[in-house]
Amino acid sequence: MPARIELARVDLRGRTPSTAELRGALPRGGVDVDSVLHQVRPVVDAVRERGAEAALEFSEKFDGVRPDRIRVPQEDVDRALSELDPDVRAALEVAIERTRLVHSDQRRTDHTTQVVPGGTVTERWVPVDRVGLYVPGGNAVYPSSVVMNVVPAQIAGVGSLVVASPPQKDFGGLPHPTILAAAALLGVDEVWAVGGGQGVALLTYGGTDTDGGELAPVDLITGPGNIYVTAAKRLCRSLIGIDSEAGPTEIAILADATADAIHVAADLISQAEHDVMAASVLVTDSVELADAVDEAVNAQMPSTRHAERVATALNGSQSGIVLVDDVAQGLAVVNAYAAEHLEIQTEDASEVAARVRSAGAVFVGAWSPVSLGDYCAGSNHVLPTAGCARHSSGLSVQTFLRGIHVVDYSEAALKDVAAHVIALANAEDLPAHGEAVRLRFEGLRPAAEVTS
């Protein structure tokens, strides 16, 4: 058993720190992606130059196994589903059903605005043509990530998608069978056994498989991964779109004296279970609750399977307890922190949650833990980390759609606004813009003669 855990404390009571001061004072996990770019760039370059052959070499080096081919044969995908534990299959089916229900309401529809008689602008929502959905395979197995990535892409109408997941030595170079089974349940007919930076690069550049089959490149890559995956996404994002540069997972809990310390401790532990760099932060106006949570964390540790990992995360500088004067100050703290996952365990939790401005997802009350959102709430668990919830959203149907404006003006509608176009073009010293309009009509003055 690891030594006793003592969550570090930040005492903000009696202070009114600015937003900038809060951002600097709060515990925060993070990774220095720049520090590994020099390691990942040669991997990306090699895959760009040599395609699947290079990717397979890196799989052998980093994953300890060299698959026979990149694309997983359909019979292996089907077999994984047929051999899936019935309880896990039932749970996945519930997760898929609920995720589809929520995400079906996100699909935007085309809309036409009549600006003037004879002049319309239509916003069309067009799905990305081909998407690569990355599913990690490190400390844990993530069939839930298959669900969270595939469902919104399918609802968006993406015509072609591929799930990529690292090959596993224990399974003969195939991705974990539970990953394959989840893909089968969702009707995914293309799965690649490739992960890491080489997987991102192969999705970006494509190649030829060992059997001569085409590995077509994608237009967008979504899904979480480790620092090397994130670095590869950064290197490739000029050629493909990415959802985000995900950092270590994090939970913040805003709680008052009404919260159950056992629940709070369990939720902090559950997030720390992901990774030694995971961040678990409690924000509370109750010293008594803080003390009780410390005791509850240590009481639960003996029965925690990944105790060493959890202890490292909870004892890290990214985790801790923040003491505040009241819930109002706590709200200011969590809004500045902008957690990936934010739980509200206070009196009048719904009212407090309604005042949250920055979070990847908000979990209201004692009976809406983050674990529910990870699997079966219907929400998406691919969320912004490292404070990015201040400006970015989690994965959704919208991630896979592009808004295209279609402008349709008649001759009369253009003529009616032509003088304004010419005046603005002249004001910006772009007279050819004005000429492009003027030359369509007789009797309009040249742009150079129109003053702003």
A.B. asks: Would you please classify the geometry between the Tyr142 ring and the His274 ring as parallel, tilted or perpendicular, with 30° and 60° separating the classes?
C.D. replies: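 Judged by the thresholds at 30° and 60°, the geometry between His274 and Tyr142 is parallel.
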A.B. asks: State, yes or no, whether a side-chain contact exists between Ser379 and Leu372 at a heavy-atom distance under 4.5 Å.
C.D. replies: no
A.B. asks: Any donor-acceptor pair under 3.5 Å linking the side-chain atoms of Asp243 with those of Thr399?
C.D. replies: no
A.B. asks: Would you say that Tyr205 contacts Val44 through its side chain, given a criterion of any heavy-atom pair below 4.5 Å between the two side chains?
C.D. replies: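 A side-chain contact exists here, since the closest heavy-atom pair is under 4.5 Å.
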A.B. asks: Kindly give the heavy-atom pair with the smallest separation between Trp125 and Gln398, and that separation in Å.
C.D. replies: CZ3-NE2, 2.8 Å
A.B. asks: Should Ser270 and Val370 count as side-chain neighbours, where that means a heavy-atom distance under 4.5 Å?
C.D. replies: no
A.B. asks: Looking only at heavy atoms, which two atoms of Arg390 and Tyr337 are closest? And how far apart?
C.D. replies: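 For Arg390 and Tyr337, the tightest heavy-atom pair comes out as NH1-O, 4.4 Å.
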A.B. asks: What's the verdict on salt bridge (charged side-chain N to carboxylate O under 4.0 Å, His left out) for Asp294 and Arg9, showing C-alpha distance, side-chain angles and the deciding distance?
C.D. replies: CA-CA 11 Å; Asp294 268 335; Arg9 296 198 181 187; 3.0 Å; yes
A.B. asks: Answer yes or no: is there a side-chain heavy-atom contact under 4.5 Å between Phe400 and Leu395?
C.D. replies: yes
A.B. asks: May I ask you to say whether Arg237 pairs ionically with Glu245, meaning some side-chain N is under 4.0 Å from a carboxylate O?
C.D. replies: yes
A.B. asks: Does a side-chain heavy-atom distance below 4.5 Å link Leu186 with Arg100?
C.D. replies: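 SC-SC contact between Leu186 and Arg100 confirmed.
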A.B. asks: Report the residue from Thr112, Asp408, Thr113 that forms a side chain to side chain donor-acceptor pair (under 3.5 Å) with Thr122.
C.D. replies: Thr112
A.B. asks: Please determine if Arg4 and Glu295 form a salt bridge, counting it only when a charged side-chain N lies under 4.0 Å from a carboxylate O.
C.D. replies: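 Salt bridge present between Arg4 and Glu295.
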A.B. asks: Do Glu351 and Val327 make a side-chain contact, defined as non-hydrogen atoms from C-beta onward lying under 4.5 Å apart?
C.D. replies: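 Glu351 vs Val327: side chains apart.
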A.B. asks: Are Leu22 and Leu12 close enough, and set up right, to give a side chain to side chain contact (heavy atoms under 4.5 Å, CB included), and what steps lead you there?
C.D. replies: CA-CA 9 Å; Leu22 281 175; Leu12 298 179; 3.6 Å; yes
A.B. asks: Report yes if some heavy atom in the side chain of Thr249 is under 4.5 Å from a heavy atom in the side chain of His341; otherwise report no.
C.D. replies: yes
A.B. asks: Less than 4.5 Å apart, any side-chain heavy atom of Met148 and any of Thr99?
C.D. replies: yes
